Amino acid sequence: MYVPVYDNSELILKDKIEELHKQWIANIINKDNSDIADELRDLYVPDGFYPYYTKQKKKILFIGKEGLELSGNDYISCLYDAYKNKIVGNKPLNQYRFHTTMLYISYAIEREVYNWSQLPFADEFIDEFGEPDGFSFAFMNLSKFSNESGRWQADEELIDSFIRLSQNDEINFIQKEIELLNPDLIIGMNLGDKMRHLGTFDNFQFFGPKKDVCFQTLTTTYGKYNYIDTWHFAAPNKSPELQIFNPLIGCLLNKGIIQ
């Protein structure tokens, strides 16, 4: 099994993320859920960042809706091992669009390879992932409850339940995780109306022939961030190259975030 190994300089941040998740699950259980505490703990899938995320030229945070069939696992540890083994679930890495698109974007930005046709296949560069002088990124799901339905479609009711149980008068857990990760760029995967739980948005600007990506400014309780809304990386009938990667890179070049 491949285990993520963090640089010493990242251990404090890793501890802070882990402590946040402990507070988060405790908050959920304390909302009159003590009778199903073990069930909720199993469903809760913590996430965060891969090794050497803080060493990147641009720190990228990807935000999805929920994990699929990950109950009882740590998202980062589980996916790190899957990436390194070049197989996710029962699929070869190169065939898993959701994950390869994240890897291509992160690799392209760190290596300054902005032409899709010049990118190697994911399994050809994955050995560099999460390594010194390699590439890396952060990842968080809006909902930490694993969707165990066996269907790829988002369980909107389960997500709403998680968000409701996460409410706390003293801390906004979702926004606090973003603050701790402190990204230079956030890429959201078509979160729809659930984007409102991240904060408020303004300065909208669309890119791509069909307005495929939208650059905007996210303002949370804790700060302001560059945010790009894209199609979901596994969206049917959407080209990862033409409708995600190309307009995204064009947006970043236009805004001067990359050169």
Side-chain angles (χ1 to χ4, degrees), residues 1-25 28 40-56 58-89 91 93 96-107 109-110 122-123 125-148 159 162 166 173-189 198 233-234:
M1 180 174 181
Y2 291 91
V3 178
V5 178
Y6 290 84
D7 185 79
N8 286 338
S9 64
E10 294 182 319
L11 295 179
I12 293 176
L13 175 58
K14 187 172 183 294
D15 287 345
K16 288 180 178 179
I17 294 289
E18 289 175 355
E19 181 59 31
L20 179 71
H21 285 302
K22 289 177 183 177
Q23 294 176 20
W24 208 330
I25 186 63
I28 289 170
L40 291 176
R41 283 195 185 93
D42 282 343
L43 244 122
Y44 189 100
V45 179
D47 45 37
F49 67 101
Y50 294 99
Y52 296 93
Y53 159 71
T54 65
K55 307 298 183 183
Q56 303 302 293
K58 298 296 177 184
K59 301 194 301 295
I60 306 169
L61 166 62
F62 295 98
I63 301 183
K65 280 188 176 180
E66 62 178 1
L68 297 177
E69 299 181 345
L70 287 169
S71 182
N73 287 291
D74 174 273
Y75 188 97
I76 297 299
S77 296
C78 185
L79 269 298
Y80 182 86
D81 180 59
Y83 291 167
K84 291 294 191 176
N85 279 300
K86 303 178 183 178
I87 186 164
V88 181
K91 279 187 181 181
L93 178 60
Y96 214 124
R97 284 198 314 169
F98 178 85
H99 295 286
T100 56
T101 304
M102 282 193 288
L103 293 167
Y104 289 144
I105 291 169
S106 178
Y107 178 89
I109 291 173
E110 182 63 16
D123 66 1
F125 62 67
I126 198 62
D127 289 345
E128 303 174 37
F129 180 67
E131 303 291 341
D133 301 318
F135 72 103
S136 184
F137 54 84
F139 181 89
M140 62 179 281
N141 276 310
L142 191 63
S143 168
K144 313 304 181 193
F145 283 168
S146 177
N147 180 345
E148 299 293 311
I159 295 170
F162 176 83
S166 296
F173 287 102
I174 293 171
Q175 295 181 14
K176 185 64 179 179
E177 185 172 9
I178 294 172
E179 187 216 12
L180 288 175
L181 292 169
N182 190 30
D184 300 310
L185 172 66
I186 300 174
I187 300 175
M189 302 180 198
L198 302 179
F233 289 175

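What you see below is based on every heavy atom in this structure, not just the backbone, and it leaves out hydrogens, waters and symmetry mates. These numbers were taken from a predicted model, which means no experiment stands behind them.
Contact of the Y50 side chain with the P4 side chain is not registered, since no non-hydrogen atoms from C-beta on lie closer than 4.5 Å. Counting only heavy atoms from C-beta outward, the side chains of S77 and V3 never approach each other to under 4.5 Å. Within the 4.5 Å cutoff, no side-chain heavy atoms of F145 are placed close to those of E66. Contact check for I109 versus Q56: no side-chain heavy atoms found under the 4.5 Å cut-off. Contact annotation: the side chain of N182 never approaches that of T54 to less than 4.5 Å [non-hydrogen atoms, C-beta and beyond]. The closest side-chain heavy-atom distance from I60 to E110 is not below 4.5 Å. Side chains of H21 and K144 form a contact here, defined as non-hydrogen atoms less than 4.5 Å apart.
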For this session: Please assess L93 against L103 for the test side-chain contact (heavy atoms from CB on, under 4.5 Å), listing each intermediate value before the final yes or no.
Result: CA-CA 10 Å; L93 178 60; L103 293 167; 4.0 Å; yes

Exercise. Given K22 and E18, is the salt bridge (Lys or Arg N to Asp or Glu O under 4.0 Å) satisfied, shown in steps?
Worked result: CA-CA 6 Å; K22 289 177 183 177; E18 289 175 355; 5.7 Å; no

For this session: Start with the C-alpha distance between E131 and K84, add both sets of side-chain angles, then the distance that settles salt bridge (Lys or Arg N to Asp or Glu O under 4.0 Å), and finish with yes or no.
Result: CA-CA 11 Å; E131 303 291 341; K84 291 294 191 176; 3.0 Å; yes

Problem set entry | Residue pair K91, H99: steps toward the side-chain contact (heavy atoms from CB on, under 4.5 Å) verdict | CA-CA 11 Å; K91 279 187 181 181; H99 295 286; over 6 Å; no

For this session: I would like to know whether F233 and I105 meet side-chain contact (heavy atoms from CB on, under 4.5 Å); could you show each step before the answer?
Result: CA-CA 11 Å; F233 289 175; I105 291 169; 3.8 Å; yes

For this session: Let me see the working for Y6 and F49 under ring pair (Phe, Tyr, Trp, His ring centres under 6.0 Å), right down to the final yes or no.
Result: CA-CA 10 Å; Y6 290 84; F49 67 101; 5.2 Å; yes

For this session: Dump the intermediate steps for side-chain contact (heavy atoms from CB on, under 4.5 Å) on I178 and I63, then the final yes or no.
Result: CA-CA 10 Å; I178 294 172; I63 301 183; 4.2 Å; yes

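In terms of modelled atom types and a separation under 3.5 Å, the side chain of D81 and the main chain of Y2 share a donor-acceptor contact. No donor-acceptor distance shorter than 3.5 angstrom exists from the side chain of S106 to the backbone of M102, with no hydrogens or angles considered. Between the side chain of N147 and the backbone N or O of L68, no donor-acceptor pair lies under 3.5 Å. Listed for the E10 side chain is no donor-acceptor partner under 3.5 Å among the backbone atoms of P51. Under a 3.5 Å cut-off, the side chain of D47 and the backbone N or O of N141 do form a donor-acceptor pair. Between the side chain of S136 and the main chain of G130, no donor-acceptor pair closer than 3.5 Å is present. At least one donor-acceptor pair closer than 3.5 Å links the side chain of D74 to the backbone N or O of I76. Judged by distance alone, with hydrogens and angles left aside, the side-chain atoms of S146 form a donor-acceptor pair with the main-chain N or O of S71 at under 3.5 Å.
Residue I12 qualifies as open at atom CD1: its count of foreign heavy atoms under 6.0 Å is 12 or below. Applying the 6.0 Å contact sphere to CG of D133 captures no more than 12 heavy atoms from other residues, nucleotides or ligands.
Scanning for ring pair (Phe, Tyr, Trp, His ring centres under 6.0 Å) contacts around Y107 gives F125, F135, with sequence neighbours left out. Listed by chain and number, the residues in a side-chain contact (heavy atoms from CB on, under 4.5 Å) with D127 are K86 (sequence neighbours excluded).
Of the residues listed (Y104, F139, F137), the one engaging F62 in a ring pair (Phe, Tyr, Trp, His ring centres under 6.0 Å) is F137, and it is the only one.
For the pair E179 and K176, the salt-bridge criterion is met [side-chain N within less than 4.0 Å of a carboxylate O].
Looking only at atom types and distance, the side chain of K55 has a donor-acceptor partner in the side chain of S9 under 3.5 Å away.
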